Number of protein chains: 2
Amino acid sequence: MASSPTGKKADVPSVENVDTSYLEGLVGYNARRAALAVIEVFLERMAIYDLRPVDFSVLSLIAHNPGITSRQLCGTLGILPPNLVGMINALEKREVIARQPHPRDGRAMGLHLTESGAKLMRDAERTAAQLETEVAARLTPGEARTLIRLLKKVYLPA
Amino acid sequence: MASSPTGKKADVPSVENVDTSYLEGLVGYNARRAALAVIEVFLERMAIYDLRPVDFSVLSLIAHNPGITSRQLCGTLGILPPNLVGMINALEKREVIARQPHPRDGRAMGLHLTESGAKLMRDAERTAAQLETEVAARLTPGEARTLIRLLKKVYLPA
DNA sequence: TATTGTTATACTCTATAACTATA
DNA sequence: TATAGTTATAGAGTATAACAATA
């Protein structure tokens, strides 16, 4: 309600303060805004490692799942295979990961961290943990756990 | 059969079930997954109105803020001005919005819903409310309110 | 001098079709 | 026949620089 007819002109309303209450009542809108806010800080902090969020996710999954295949990465992260190829090639060229033939499937290649990749991820995961602490600082520890639990209820199949 | 691991080969591990527990402990990862899950359903439901999530957000803000300017939309939704121009033009061509000169700023144009635009948004907001009900069905009503409250604590400046 | 709206443009992200080699 | 990985390419989304009209 910000129409301000200060005179005799045609009553064309203008807006002083934008009312966002409707959008702020939607789960999807809030989830998207929160994700973008966290990712923005994530981008800044990971820049020193030259890692985007998706690179971090890929390397973290390889770190915790040595021998994981490209197809498994795609399925887990919702990335399409053609779009993963370039990332994997780049990470291999940087010598943070290495491909090894899959032990039981001649079509597939198992992905592994190199030693320098393992060191990089130790540092990067420490930075990520630090960032989590800061994000969670806006919440109580209990609220942070609750938030993650509720988000999982939203996106994980019931 | 590319290799028969009889025990002598190099011990190359492979992955049966991908361990995602590390990533699932991060707020940003979960917020992003939840946002993408909701937006995916949103895309499907809004297809009958030929509205993407961003179009819905823009029209909803115009509906609740008659006379809002492009610049105000950009600031509220985090869209860059050059990227809004095409959207506004398309919505005007569809005759769901109309531009009127801003009553006190000759540079700006106030944005308004047309009658057909108002009808479209009545239907679209009803569909969005229905979707929210379904998303929230995975949560209790209290959990849904808590989720939105915690998400806001994450992305709104303290 | 600063701001609104705009054009042009580049870069990133995501999506589709088709090929190869193995299963 | 189906799947893992790859190539090429198209489309959508997001970014910066610069300009005209107005403040």
Side-chain angles (χ1 to χ4, degrees), chain A residues 14-15 18 32-33 35-37 39-40 42-44 46-47 50-58 62 67-93 97-111, chain B residues 1-4 12 14-16 18 32-33 35-37 39-40 42-44 46-47 50-58 62 67-93 97-111:
Chain A
S14 64
V15 175
V18 179
R32 178 157 188 279
R33 295 298 298 251
L36 290 177
I39 289 172
E40 183 182 340
F42 198 95
L43 263 168
E44 296 165 11
M46 289 295 158
D50 196 19
L51 294 179
R52 297 163 304 162
V54 63
D55 298 313
F56 177 86
S57 299
V58 164
I62 296 175
I68 193 174
T69 66
S70 290
R71 178 60 65 161
Q72 287 175 311
L73 281 176
C74 287
T76 303
L77 294 175
I79 302 172
L80 292 171
N83 299 329
L84 185 65
V85 174
M87 302 181 209
I88 295 295
N89 284 340
L91 292 171
E92 191 180 32
K93 195 163 190 176
I97 66 170
R99 289 179 231 229
Q100 287 192 274
H102 190 283
R104 289 180 315 284
D105 189 334
R107 297 167 303 181
M109 295 294 283
L111 302 172
Chain B
M1 48 174 182
S3 68
S4 47
V12 178
S14 65
V15 175
E16 202 82 5
V18 179
R32 177 157 189 276
R33 295 299 298 250
L36 289 177
I39 288 171
E40 183 183 338
F42 198 94
L43 263 167
E44 297 166 10
M46 289 295 158
D50 196 19
L51 293 179
R52 298 163 302 162
V54 64
D55 298 313
F56 177 86
S57 299
V58 165
I62 296 174
I68 192 173
T69 67
S70 289
R71 178 59 68 161
Q72 287 175 311
L73 281 176
C74 286
T76 304
L77 294 175
I79 302 172
L80 292 170
N83 299 329
L84 186 65
V85 174
M87 301 182 212
I88 295 297
N89 284 340
L91 292 171
E92 193 181 31
K93 195 163 190 177
I97 66 170
R99 288 179 231 229
Q100 286 192 271
H102 191 284
R104 289 181 315 283
D105 189 335
R107 298 168 301 181
M109 296 294 283
L111 301 173

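Letters A, B, ... mirror the listed sequences (proteins, then strands); counts begin at 1. Source: prediction; values computed, not measured.
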Report yes if the side chains of [X] and [Y] come closer than 4.5 Å at any heavy-atom pair, otherwise no.
{"X": "A:L111", "Y": "A:V58", "answer": "no"}
{"X": "A:L73", "Y": "A:I79", "answer": "no"}
{"X": "B:M46", "Y": "B:P53", "answer": "no"}
{"X": "A:C74", "Y": "A:L80", "answer": "no"}
{"X": "A:H102", "Y": "B:V15", "answer": "no"}

Distances for protein N/O vs nucleotides 2-8 of chain C N/O pairs under 3.5 angstrom?
from  : atom 1 : to     : atom 2 : distance (Å)
C:dT3 : O4'    : B:R107 : NH1    : 3.2
C:dT3 : O2     : B:R107 : NH1    : 2.8
C:dT4 : OP2    : B:R71  : NE     : 3.2
C:dG5 : OP1    : B:M109 : N      : 3.4
C:dG5 : OP2    : B:R71  : N      : 2.6
C:dT6 : OP1    : B:R99  : NH1    : 2.8

I need the CD1-C1' distance between B:I39 and C:dT14, as an integer number of Å. 14 Å

If I take atom CG in residue A:L84 and atom C1' in nucleotide C:dC13, what distance separates them, rounded to the nearest angstrom? 14 Å

Counting neighbours of CD on B:E16 that are heavy atoms of other residues, nucleotides or ligands and sit closer than 6.0 Å, is the number greater than 12? no

Ignoring hydrogens and angles, tell me if any N or O in the side chain of B:Q72 forms a donor-acceptor pair with the backbone of A:V18 under 3.5 Å. no

When you measure from the side chain of A:Q100 to the backbone of B:V12, do you find a donor-acceptor pair of N or O atoms at a distance under 3.5 Å? no

Chain B footprint on DNA chain D, 5' to 3' - any atom under 4.0 Å from a heavy atom: D:dG13 to D:dA23

